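Numbers for residues simply follow the sequence, beginning at 1. As the structure is a prediction and not an experimental result, all values here were calculated from the model.
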Amino acid sequence: MSNTSRRSVLAVFAASAASLPLVGTAASSAQAAGAGSAASAAESLAAPAGLGSAPSSVTMAPLDATHFIRETLRSPLTTTVLPGTPARTEVTSDGRRVALLTHGARTVLLPGPERTFTENKRPFDDVFYRTLPDLTLPADKRSYWGSSPGGGSWSTLGPVDSDYSTVRGPGKRGTGVINLTTDNASRHASVRDDAIADVDVQSVARFDKVPTGEACSYALSFGYEDTRNNYRARLSFVTSGAVQLRVEKEVKDVVTQLSPALTLATAVPAGTDWTIRVRREGSRIRVKAWPSASSQPSDWLVDVNDSALGAGRVGLRALANQGCTSLPMKLIVSRFRVTEGTWDAPPTVTHGDWVRVLPEPFDGNWTPELESTVRTWSGSTAPDVLAYAAMFLPGAPEVISGSGPAAGKKVLGAAKYGHSNEQGYRVEGADFHEYMDTGWTFPDGTYRGPDNDEESDQRDCLDCSGYTRMVYGYHMGVPMAAKADTSGTRIPRVSRDMADHTPGVRIARTDGTNPPAAAQLQPGDLVLFNADSGDDGPTATADHVGIHLGTDTAGRRRFLSSRKTIDGPTMSDLGGASHLDGTGTYARTLHTVHRI
């Protein structure tokens, strides 16, 4: 069996608290066996202090007597072949479903303790290590500040695109640059993540000149809806060299000061980095600012309450006041960091479905061995497909393998999508063994080593198909191919081949015009999309793959996948809704549903 461990992520949850997030630091004592074996989890997974919401979590009901009573299924179990294609066998005990097996598939759906899966805003630290814009691209295709490490991308606005650029520097650090070439014109850069509610965010920036004529300012913006509606913590650099802090809101073009101006320093020379930090919790707004070379002050300089604006983006604004005569000037941003954040309405999926994997596909014959397996699985909280898939979301703790081919390597823990190239574009190609930073020998004898090139290191990274293979291949023991494979016995390397040749059975496929209805969709199914390959119609191929998680609180069928936009595995809607309903990219481009 590929899933029999009792020292498991979800056993820890059940035994520890009513709500325990998948967050924490590396747990060196935790171990995971080699390919196809169940992983052990950290012995203690404590929730972080802060804004009250972990980046991701799996929660279960509070402890009660049922957690300590081993469920025993009454004999005999009854089996019924259900109508429809593919054929499915329902196993019941006293009229209650205890398992659902699909003919030709290894995955089995079982009822178990109810779980809630949630994902929230991941922390990130952008040091602008990229060179943009890429002048080899057409003007309408150029990105001026590129991708944010925390998901989403930077949007730059006003007055002209060429006012914005990034410069790659030494030591894997760089700068974001805003050129002030005209006065009395705001320039905004914001992260395209529109629903951030509470947040703890910092920026570090400097002007290359002391202004003359009139002041210049740089502000950290939050609750940003658009250029006319946002909060700002603003540093004014005045002609005397003084630096003043203001906290203000702009609502429908009307600016209101939330605190009096505070002079923080005088005679500040050009090129001095200043840090602004904002912590927003509900209606409470706290702000501090200081020269970056100094220690952070222990006290907040501004502590006010205001609720005029709700959730929005975070970002920066730069402005040369009307009458500034030292133009052109540059605002040089060396760091933008979100240490904590919550979305206004994070996605949530709650159900009692557990997905386990048989050693061989179910051939339709109910045997004593299968009955024994189902009885063993009944009520078990050993990690299943969905538990492993959630252990690569933001905030998930590291788990180190204690034996097998990946001994000493990380086999669980928050994953990124891929390394960034010189322009900051995330590169696909990170397979499961590259996440673990180890070589791997596949069943046909092909060896694949980790990429040792420092500029293209893929450790801790999983592209969409690599993520799927990590969950179903490495952790659940389904054989994998090194590349393409048409045998139907091994999981191919890329999504276009997975759509046709992954072991198991096809549940639904597009007719070339419309996405499939996928009436038999169930948690654990692979969902494959023709999202951006540019081909349509009957010959369209898949270019993205995810794992169906279940129905969220809004009734939408939500899936997990590793995506470039958010830089790693996600169930969230940043950069594209992760559900199959409505008119979003993935709802429109669903290509194939497959059950392993």
Side-chain angles (χ1 to χ4, degrees), residues 1-15 32-33 35-41 58 60-61 66-82 87-117 349-391 412 471-478 503-505 522-525 547-550 595-596:
M1 293 300 129
S2 60
N3 209 337
T4 56
S5 171
R6 293 297 182 267
R7 290 185 62 245
S8 67
V9 175
L10 295 169
V12 173
F13 295 158
S37 299
S40 305
V58 179
M60 293 175 65
T66 62
H67 287 82
F68 303 94
I69 299 173
R70 178 70 176 151
E71 181 177 9
T72 301
L73 299 179
R74 297 186 180 184
S75 297
L77 301 184
T78 301
T79 63
T80 304
V81 177
L82 302 179
R88 294 169 297 160
T89 292
E90 182 182 53
V91 184
T92 58
S93 174
D94 256 0
R96 177 175 65 93
R97 177 186 287 179
V98 295
L100 184 63
L101 298 88
T102 301
H103 298 210
R106 289 178 60 177
T107 52
V108 180
L109 193 68
L110 303 103
E114 187 173 86
R115 296 174 289 182
T116 295
F117 297 83
V349 172
T350 300
H351 58 62
D353 292 329
W354 292 63
V355 183
R356 306 214 177 270
V357 179
L358 294 167
E360 299 293 338
F362 176 55
D363 62 5
N365 294 311
W366 182 247
T367 65
E369 291 77 14
L370 273 176
E371 180 168 339
S372 176
T373 297
V374 168
R375 289 181 181 278
T376 299
W377 281 341
S378 179
S380 171
T381 56
D384 69 334
V385 169
L386 303 184
Y388 283 118
M391 282 292 289
L412 292 170
V471 173
Y472 268 112
Y474 179 80
H475 285 292
M476 304 311 298
V478 179
V505 294
Q522 65 186 38
D525 286 350
I547 299 171
H548 179 54
L549 177 59
R595 188 164 301 152
I596 286 186

On a heavy-atom basis, which atom in [X] and which in [Y] lie closest, and how many Å separate them?
X: L110; Y: A99; answer: CD2-CB, 4.2 Å
X: L549; Y: L386; answer: O-CD1, 4.1 Å
X: L77; Y: S93; answer: CD2-CB, 3.8 Å
X: A87; Y: V81; answer: CB-CG1, 4.5 Å
X: R97; Y: P111; answer: O-CG, 3.2 Å
X: T381; Y: P113; answer: CG2-CG, 3.8 Å

Practice prompt. Please identify each residue that fulfils side chain to side chain contact (heavy atoms under 4.5 Å, CB included) with P503, with sequence neighbours left out.
Written response: V478, I491

Practice prompt. Test L100 against every option in V91, L82, T107 by the side chain to side chain contact (heavy atoms under 4.5 Å, CB included) rule and name the one that passes.
Written response: L82

Fill in: Reference residue R115; test side chain to side chain contact (heavy atoms under 4.5 Å, CB included); the match among D384, D353, V349
D384

Item to complete: Nearest 0.5 Å please: distance from the CD atom of E360 over to the CZ atom of R106.
Response: 6.5 Å

Worksheet item: How long is the gap from OG1 on T80 to CH2 on W366, to the nearest 0.5 Å?
Response: 11.0 Å

Discussion item. Could you go through R96 and L73, starting from their C-alpha distance and side-chain angles, then the distance that decides it, and tell me whether this counts as side chain to side chain contact (heavy atoms under 4.5 Å, CB included)?
Written reply: CA-CA 10 Å; R96 177 175 65 93; L73 299 179; 3.9 Å; yes

Item to complete: Give me the ring orientation class for F117 and H351: parallel if the planes are under 30° apart, tilted from 30 to 60°, perpendicular past 60°.
Response: tilted

Item to complete: Take V357 and V385 through the test side chain to side chain contact (heavy atoms under 4.5 Å, CB included) and record every step on the way to the result.
Response: CA-CA 8 Å; V357 179; V385 169; 3.9 Å; yes

Worksheet item: Do F362 and V505 come close enough that some side-chain heavy atom pair is under 4.5 Å?
Response: no

Worksheet item: Under 4.5 Å between any side-chain heavy atoms of V108 and L358, yes or no?
Response: yes

Practice prompt. May I ask you to say whether D525 pairs ionically with R595, meaning some side-chain N is under 4.0 Å from a carboxylate O?
Written response: yes

